[in-house]
Structures are given as C-alpha cells and as structure tokens.
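Only heavy atoms go into these numbers, but all of them, side chains included; no hydrogens, no water, no symmetry mates. Residue numbers start from 1 in every chain, and the chains themselves are labelled A, B, ... in the order their sequence lines are given, proteins ahead of strands.
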2 protein chains.
Amino acid sequence: MTTDLMTIREMCEAYDVTPRTLRFYESKELLFPIREGTRRLFTKRDRARLTLILRGKRFGFSLEDIRQLLDMYDRDGSQETQLRRTYDLARERLAAMETQRAELDVAIADLKDQLAWGEEMLARFASNAA
Amino acid sequence: MTTDLMTIREMCEAYDVTPRTLRFYESKELLFPIREGTRRLFTKRDRARLTLILRGKRFGFSLEDIRQLLDMYDRDGSQETQLRRTYDLARERLAAMETQRAELDVAIADLKDQLAWGEEMLARFASNAA
DNA sequence: CGTTACATTTACGTCAACGTCAAGCACTCT
DNA sequence: AGAGTGCTTGACGTTGACGTAAATGTAACG
C-alpha cells in the first residue's frame with residue numbers, strides 16, 4: 001500500500017467526480033478529509049463514505065438523507081436503531097422508485113401510441129406525394 | 001355552447017392547474033389568451049395547446065421543447081417537415097425514457113439486494129436480543 | 001527567479017417550473 | 001360607500017447539486 005491517503009486529484013480519478021464535488025461534499029459535512037495545511041487528504045474512511053454517497057445517489061436519496069444516515073452510522077457504530085432506520089428509508093425509496101417506474105411505463109406506452117399515429121400520418125404524406 | 005371562451009378559473013378547474021401556471025405558460029409564449037382589458041380569456045386554440053403542453057410534460061419534454069413544437073405547428077400548418085420533426089423528437093424521448101427505465105430497474109434490483117442484506121442483519125440482531 | 005501546474009477560498013450563477021408574497025384594480029352585493 | 005371576492009402584475013424565493021469566476025497560494029521544476 002502506498003499511503004492510504006489520497007489527494008483530491010486521485011480521488012477524482014478514482015471515483016469520477018470533480019474537485020468541486022468533493023469540496024462541496026466536505027462543506028455539507030459528508031466527508032472529512034485531513035487538512036494538511038490548506039490541502040485535503042482523503043482517508044480510507046472518506047473513501048468508504050464516498051462510496052456510500054454515490055450509491056445512495058444512484059438510489060435517488062438526497063444528499064441530506066445520506067448525510068443523516070452516515071452520521072447515524074458514526075454515532076451508533078452498527079446498532080439496530082440505525083440499521084432499522086436505513087432499512088425503512090430504503091423501503092420508502094424503493095416504493096417511490098417502483099411508482100416512478102410504473103408511471104414511466106404508462107408514459108412510454110402512450111408515447112408509443114402517438115408514434116404509431118405519427119407513422120400513419122407520415123405514410124399518408126408519402127403516398128400523397130407519390 | 002356557452003361562449004367557447006373560458007376564464008382562468010374555469011381553465012384551472014378543467015385542466016387541474018393553478019392560475020400561476022397558466023400565467024407562467026403565457027409568459028413563456030405557450031399560450032395566447034385574449035386580453036379583455038386586464039383579464040384573460042382562453043380560446044379553443046389555447047385549450048388545444050394546453051392539452052398538448054400537459055401531454056408533452058407527461059412524456060418528459062421540457063416546456064421549451066414543447067414551445068418549439070407548437071410554434072412549428074403554427075407556422076407549417078400541418079406539413080411533413082414538422083410532423084417528421086415531432087416524430088424524431090418523440091423517438092429521441094422514447095429512447096431516453098427507455099434508458100431511464102432500464103437504469104431505474106437496475107437501481108431497484110440493487111436496492112432490493114441491499115434490503116435483503118438489511119433484513120438479514122436485523123434478523124441477526126433480533127436473535128442476539130432473544 | 002520565473003514558469004507551470006496545481007491548489008485554495010468566497011461568492012455568485014445555473015436550471016426548471018413554478019410558489020409566494022405584496023399591492024392594487026374590477027366587480028358585485030348590500 | 002364599504003366589504004368581499006377574484007383577478008392582475010412584478011419581483012423575489014424555492015429546490016438540489018453542483019459550475020464558474022476571480023483572486024490568491026504554494027510547490028516543484030529547471
């Protein structure tokens with residue numbers, strides 16, 4: 001292992017985020033890199049948190065939700081209360097995502113109908129032109 | 001038929017939108033109600049446009065996209081160029097929606113995995129407590 | 001010492017689609 | 001005339017997740 005500490009550039013490479021994003025997350029108290037003078041050094045812990053942040057974002061959690069969950073983990077270690085809270089939040093999110101999926105399905109089906117209609121019209125134009 | 005013209009309130013009732021929304025759409029040149037002094041009177045044409053606006057929104061088109069399409073229809077009457085443009089835009093949107101649905105599916109599957117994991121942990125805690 | 005290549009901070013800007021006042025006019029009822 | 005209601009305009013606020021600009025620092029290279 002090299003140093004176990006990573007600069008902001010290395011982090012950006014590794015996680016495909018911009019420096020602005022990492023500083024932003026720090027300002028929102030999602031990350032706590034070591035401040036070596038004016039520079040940042042990201043620890044293993046920061047990387048673990050960032051992984052969870054990015055995963056959470058994929059699931060559609062807000063940064064504020066994520067922050068609260070991470071903080072809970074920090075306080076409780078790995079106790080039941082926070083696990084249950086995480087679990088509940090995740091179930092809510094899942095429900096929301098499935099609702100969204102259903103709506104998207106309807107919209108897609110409708111749009112396909114409209115497309116069929118459009119093709120019909122185009123065909124009609126084509127035959128008129130011929 | 002009463003008057004073929006509707007007040008802002010009637011429009012709100014009929015389309016389940018707020019007055020603010022209608023004024024906003026007018027400011028964005030999506031609607032062109034008659035200005036009777038200081039008040040608005042929405043014509044059949046406005047209603048047709050609003051229907052298309054709301055439909056477009058359901059499909060995820062931006063208001064700007066919608067405005068451009070509506071303007072095209074106004075200019076071209078009902079010619080092939082605009083029909084094709086609409087058709088192409090709709091196909092793009094459909095592709096985007098299907099991509100989005102695929103990503104959502106992955107996220108849902110992942111989240112379900114995490115949930116299963118969470119249940120496992122909770123069960124472990126429960127048995128420890130017993 | 002100068003240049004290059006990063007790093008930092010602060011603060012304001014962005015995007016979408018409206019919401020939320022505040023303040024005033026227009027009309028009706030009494 | 002006063003009260004009440006509805007409609008108007010205009011400007012600023014909201015939300016989330018950063019982007020962008022400007023001014024400055026600092027570290028290593030040659």
Side-chain angles (χ1 to χ4, degrees), chain A residues 3 5-42 46 49-70 89 92-93 96-97 100 103 107, chain B residues 3 5-43 46 49-70 89 93 96-97 100 103 107:
Chain A
T3 320
L5 295 178
M6 290 171 68
T7 69
I8 202 168
R9 274 298 153 199
E10 289 165 347
M11 290 292 283
C12 293
E13 289 291 323
Y15 293 88
D16 192 30
V17 294
T18 68
R20 177 69 180 101
T21 300
L22 294 177
R23 290 194 269 264
F24 179 72
Y25 288 169
E26 185 187 2
S27 79
K28 293 289 176 181
E29 306 199 282
L30 287 160
L31 296 177
F32 307 93
I34 300 169
R35 304 309 297 271
E36 194 75 19
T38 167
R39 309 213 163 150
R40 292 163 175 84
L41 289 174
F42 295 84
D46 290 311
R49 292 174 72 96
L50 183 53
T51 298
L52 291 175
I53 293 168
L54 297 178
R55 180 178 300 164
K57 271 171 58 74
R58 283 191 46 234
F59 295 155
F61 289 99
S62 72
L63 290 183
E64 177 56 19
D65 282 347
I66 294 169
R67 193 187 61 73
Q68 289 181 19
L69 288 176
L70 287 174
L89 248 186
E92 279 178 35
R93 258 279 84 205
M97 286 165 73
Q100 188 184 343
E103 286 169 2
Chain B
T3 320
L5 295 177
M6 291 172 65
T7 70
I8 200 166
R9 272 300 152 200
E10 290 165 345
M11 290 291 284
C12 293
E13 290 292 323
Y15 293 88
D16 192 32
V17 293
T18 67
R20 180 67 182 97
T21 299
L22 294 177
R23 294 186 197 113
F24 180 72
Y25 287 170
E26 185 188 2
S27 78
K28 292 289 174 180
E29 308 199 281
L30 287 160
L31 297 177
F32 306 93
I34 299 169
R35 304 307 300 269
E36 194 74 21
T38 166
R39 308 207 164 157
R40 291 164 176 84
L41 290 174
F42 294 84
T43 67
D46 289 312
R49 292 175 72 97
L50 183 53
T51 298
L52 291 176
I53 292 167
L54 297 178
R55 179 177 301 165
K57 271 172 57 74
R58 283 193 45 237
F59 294 155
F61 288 101
S62 72
L63 290 184
E64 177 56 20
D65 283 347
I66 294 169
R67 192 187 61 73
Q68 290 182 20
L69 288 177
L70 287 175
L89 248 187
R93 256 278 86 203
M97 286 165 75
Q100 187 185 344
E103 285 169 2

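Side chains of B:I53 and B:R67 form no contact here, defined as non-hydrogen atoms less than 4.5 Å apart. With contacts defined as side-chain heavy-atom distances shorter than 4.5 Å, the pair A:D16/A:L54 does not qualify.
Phosphate contact (OP1/OP2 of C:dA17, side-chain N/O of B:Y25, threshold under 4.0 Å): absent. Between B:T21 and the phosphate of C:dG19, there is a side-chain N or O to OP1/OP2 separation shorter than 4.0 Å.
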Can you list, pair by pair, the side-chain donor-acceptor contacts under 3.5 Å of residues 31-42 of chain A, counting residues two or more places apart and other chains?
unit_1	atom_1	unit_2	atom_2	d
A:R35	NH1	A:E26	OE2	3.2
A:R35	NH2	A:T38	O	3.0
A:R40	NE	A:E26	OE1	2.4
A:R40	NH2	A:E26	OE1	3.1

Anything under 3.5 Å between a donor and an acceptor, one on a side chain of residues 6-14 of chain A, the other on a protein residue two or more places apart or in another chain? List them.
unit_1	atom_1	unit_2	atom_2	d
A:T7	OG1	A:R9	N	3.4
A:T7	OG1	A:E10	N	3.2
A:E10	OE1	A:T7	N	2.9

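The salt bridge (charged side-chain N to carboxylate O under 4.0 Å, His left out) test applied to B:R58 returns A:D110, not counting sequence neighbours. Applying the side-chain contact (heavy atoms from CB on, under 4.5 Å) criterion to A:L52, with sequence neighbours excluded, gives A:R55, A:L70.
The CZ atom of A:R20 sits 14 Å away from the P atom of C:dG13 (whole-angstrom rounding). In this entry the distance linking CE of B:M11 with C1' of D:dC7 reads 16 Å, nearest Å. One interatomic measurement links the two molecules: CZ of A:F61 to C1' of D:dA17, which rounds to 17 Å at whole-angstrom precision. Rounded to an integer number of Å, the gap from CG of A:L22 to P of D:dC18 is 10 Å. For A:R67 and D:dC18, the CZ to C1' distance is 18 Å, given to the nearest whole Å. Here D:dT15 presents its P atom at 15 Å from CG of A:L63, a figure rounded to the nearest Å. Atom CZ of A:F24 and atom C1' of D:dT15 are 11 Å apart (whole Å). The nearest whole Å value for the distance from the NZ atom in B:K28 to the P atom in C:dA17 is 9 Å.
In this structure, B:F59 and B:R93 approach most closely via the heavy-atom pair O-NH1, 2.7 Å.
In this structure, CG on A:D46 lies 9.5 Å from OH on A:Y15, to the nearest 0.5 angstrom.
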Quick one: do A:F24 and A:L30 satisfy side chain to side chain contact (heavy atoms under 4.5 Å, CB included)? Show the steps, please. CA-CA 9 Å; A:F24 179 72; A:L30 287 160; over 6 Å; no

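Within residues 50-60 of chain B, no residue has a heavy atom under 4.0 Å from DNA chain D.
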Polar pairs (N or O, both sides) under 3.5 Å between protein and nucleotides 6-10 of chain C?
unit_1	atom_1	unit_2	atom_2	d
C:dA7	OP2	A:R9	NE	2.6
C:dA7	OP2	A:R9	NH2	3.1
C:dT8	OP1	A:R40	N	3.4
C:dT8	OP1	A:R40	NH1	2.9
C:dT8	OP2	A:R23	NH1	2.2
C:dT8	O5'	A:R40	NH1	3.3
C:dT9	OP1	A:R35	NH2	2.9
C:dT9	OP2	A:R40	NH1	3.2
C:dT9	OP2	A:R40	NH2	2.7

